[in-house]
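Report on the following structure.
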Protein chains: 2
Amino acid sequence: MSPSVIEKRMRLFGDRCAELGLAATHQRRAIYRALAESERHPQPEAIYRRVKRRIPTISLATVYKNIKTFVEMGLLREVGCEAGSYRLDANLDRHHHLVCVNCKSVVDFYDRKLDQVRAGQASPGNFRIFRYQVEALGLCPACRSKQGLRKNKKRGQYGQSR
Amino acid sequence: MSPSVIEKRMRLFGDRCAELGLAATHQRRAIYRALAESERHPQPEAIYRRVKRRIPTISLATVYKNIKTFVEMGLLREVGCEAGSYRLDANLDRHHHLVCVNCKSVVDFYDRKLDQVRAGQASPGNFRIFRYQVEALGLCPACRSKQGLRKNKKRGQYGQSR
DNA sequence: CTATTTGCAAATAATTTGCCCATGG
DNA sequence: CCATGGGCAAATTATTTGCAAATAG
């Protein structure tokens, strides 16, 4: 990632920590920096290995704890929106998914307009695209009505920053 | 799922098994049926519990083995396209993902046209949508050039059935 | 019959937790 | 200071594997 982007992200990190009263420890900064620097959507283990080069005493548990914290703070997202394990789909017809960001439920979504989605430009890096699938992220009715009562939810989880 | 859809899927299952010379065992059929019946994109554990009601001696390992087989056969897909664990993204700017279906690498994809994606109709079930994210599934350059040498790849993994 | 597939148990991998010590503000 | 966070080890959860016995074709 370019130095200017990394610095922008580190500033966002600092601001968010200050705002939420989180200690900007050595470890926490290094973990976030490793994430901010990477292009490859790393898994926790990869972040751990990377941070360990600078802070050899770091523990994997600390990496996991901080990743969770960052996601709650809205500094980080999980790719694909389902952590943990297999979610399976026997529906081979063209369809898309509604994903509840709160309870992680997934509902099939048939929509002609979404079926027409195509990129406006050639894909970077000579990727060969077979199909497009749209994820609509939001809140399911059950979680909508619980909104506002939820604990530990700070801000920034959902929107786009620009 | 409606009975007619389930039967359609069971026929597809039977055909694929015959075609590939797979034994259509009692267990295998029950596992696939449980998947075909479900609306909720279940995890392996949920399938196991469901099948266990009909075949109390079924083992969780059998469920896992068959799920893998079905995915290889193209009878089943994983939602979100990344199995296993956390893939993290510190990029909060609006962007989409190119996902390699073979090696599971994920590359950020900036595209104005994809940023404009919206559903053509109200979302089912009163879901409240915050943002849309597009996944473009395909092959990265490295996997493209390895194409054809790959073992255990039968067919049907990538396309849409209609 | 005989090649596959199952069930079990054990192995491995991934993630979380509890607790006591260290440190940032 | 002293509340928050870190490190370690143990616990939990998720997934895979090896192998003898069962069974589909």
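Naming convention: chains lettered A, B, ... in sequence-line order (proteins, then strands); numbering from 1 in each chain. Only a predicted model underlies this, so the values are computations on that prediction, with no experimental measurement involved.
Ranking D/dT17, C/dT15, D/dG5 by closeness to the A/Pro44 side chain, first place goes to C/dT15. For B/Leu60, taking side-chain heavy atoms from C-beta onward, the closest of the listed nucleotides D/dT15, D/dG7, C/dT5 is D/dT15. With D/dG5, D/dT16, D/dG6 as the candidates, the nucleotide lying closest to the side chain of A/Leu22 is D/dG5. Looking at the side chain of B/Ala61, the nearest of the listed nucleotides C/dC8, D/dA24, C/dG24 is C/dC8. When distances are taken from the side chain of B/Arg28 to each of C/dT5, C/dT16, C/dG24, the shortest belongs to C/dT5.
Residue side chain B/Lys65 reaches the base of D/dG18 through a donor-acceptor N/O pair under 3.5 Å, judged by distance alone. In the interface, the side chain of A/Lys52 is not paired with the base of D/dG7 through any donor and acceptor atom under 3.5 Å apart.
Formation of a donor-acceptor pair under 3.5 Å by the B/Tyr132 side chain with backbone atoms of B/Ala119 is found in this model.
Between A/Leu20 and A/Met73 the shortest heavy-atom distance is CD1-CG, 3.7 Å.
Within the 4.0 Å cut-off from OP1 or OP2 of D/dT23, not a single side-chain nitrogen or oxygen of B/Thr25 is found. Between B/Ser59 and C/dT6, a side-chain N or O to OP1/OP2 separation shorter than 4.0 Å is absent. Taking side-chain N and O atoms only, B/Gln27 has no distance below 4.0 Å to OP1 or OP2 of D/dT23.
For the residue pair B/His97 and B/Asp89, a side-chain donor N or O sits within less than 3.5 Å of a side-chain acceptor on the partner.
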